[in-house]
Participant: 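Below is the structure I would like to discuss, written out as structure tokens.
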Amino acid sequence: MAKVYFLRRKSTLALRQRKVALRRQLTVPPQSIRASVVERFGTCGKPNCACHQGAKHGPYYYLTQCLAKGHVQKFLLKSPANQQAARQATTAFNEFYVGLEELSQINTELLRRGEGLEGSHR
Ligand SMILES: [Zn+2]
């Protein structure tokens, strides 16, 4: 769910100024991945292993990515470097997306007011 920005009481000038700032700040991080890194612990097939008494194996880190309903891509992130890259890529995506969402809500409010959405109003 997106953060809701309460924009109706802001002046059009304030919205346009925020938009200019966002456009300056928002650059697509080239490493972006829209996904989650999840931590899992598990049990193995050996009947006498301590993992069956609560000392589970792990943590294991997986990247999970929902592509469409019923289409989830999931795989094990094997090395610490792989895990680090995945965390960095998903964080970069999320940060970019937060800014894009705010820009979207500002544009929606400008549209509601019958204001133009394009151009470089200052
Ligand atoms: Zn085990």
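Hydrogens, waters and symmetry mates are skipped; everything else that's a heavy atom, side chains included, is used.
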Participant: Check whether V28 and F93 end up in the same hydrophobic cluster, where Ile, Leu, Val, Met, Phe, Trp and Tyr are linked by side-chain heavy atoms less than 4.5 Å apart.
Facilitator: no
Participant: CD/Q17 to NZ/K10 distance, rounded to the nearest 0.5 angstrom?
Facilitator: 11.5 Å
Participant: Working note: F75 + L63, criterion side chain to side chain contact (heavy atoms under 4.5 Å, CB included); need CA distance, chi angles, decisive distance, verdict.
Facilitator: CA-CA 6 Å; F75 58 87; L63 184 126; 3.8 Å; yes
Participant: Can you tell me how far the CG atom of L26 sits from the CD atom of E95, to the nearest 0.5 Å?
Facilitator: 11.0 Å
Participant: Calculate, to the nearest 0.5 Å, the distance between atoms CG and OG belonging to L111 and S104 respectively.
Facilitator: 10.5 Å
Participant: Say you draw a straight line from NZ of K3 to CD of E102; how long is it, rounded to the nearest 0.5 Å?
Facilitator: 7.0 Å
Participant: May I ask whether L117 and L7 are part of the same hydrophobic cluster, defined by side-chain heavy atoms of I, L, V, M, F, W, Y residues being less than 4.5 angstrom apart, directly or through others?
Facilitator: yes
Participant: What are the two closest heavy atoms between R113 and S11, and how far apart are they?
Facilitator: NH1-C, 3.5 Å
Participant: Would E101 and Q105 count as having a side-chain donor-acceptor pair, cut-off 3.5 Å?
Facilitator: yes
Participant: Where the side chain of R34 meets the backbone of C66, is there a donor-acceptor pair that is under 3.5 Å apart?
Facilitator: yes
Participant: Is it the case that one hydrophobic cluster holds both F41 and V38, taking links as side-chain heavy atoms less than 4.5 Å apart, direct or via other members?
Facilitator: no
Participant: Quick check: closest heavy atoms across C44 and C51, and the distance to 0.1 Å?
Facilitator: N-SG, 3.2 Å
Participant: If you take all heavy atoms of L77 and Y62, which pair is closest and at what distance?
Facilitator: CD1-C, 3.8 Å
Participant: Can you name the nearest heavy-atom pair linking Q31 to A92, along with the distance?
Facilitator: NE2-CB, 3.8 Å
Participant: Taking only Lys NZ, Arg NE, NH1 and NH2, and the carboxylate oxygens of Asp or Glu, determine whether R16 and E115 approach each other closer than 4.0 Å.
Facilitator: yes
Participant: Just how far is it from atom CD of Q25 to atom CG of L22, taken to the nearest 0.5 Å?
Facilitator: 5.5 Å
Participant: Let me confirm one number: the CZ-CD1 distance from R87 to I33, rounded to the nearest 0.5 Å.
Facilitator: 13.0 Å
Participant: Please report the C-alpha distance between Y5 and I106 in whole Å, then the side-chain angles of each, then the deciding distance to 0.1 Å, and finally whether the side chain to side chain contact (heavy atoms under 4.5 Å, CB included) criterion is met.
Facilitator: CA-CA 8 Å; Y5 297 89; I106 289 170; over 6 Å; no
Participant: For N107 and L103, run side chain to side chain contact (heavy atoms under 4.5 Å, CB included): C-alpha distance rounded to whole Å, both residues' side-chain angles, the deciding distance at 0.1 Å, then the answer.
Facilitator: CA-CA 6 Å; N107 281 335; L103 181 66; 3.9 Å; yes
Participant: When you measure from the side chain of H71 to the backbone of Q65, do you find a donor-acceptor pair of N or O atoms at a distance under 3.5 Å?
Facilitator: no
Participant: For a quick test of reading the model, state the closest non-hydrogen atom pair linking A86 to V37 and the distance between them.
Facilitator: CB-CG2, 3.8 Å
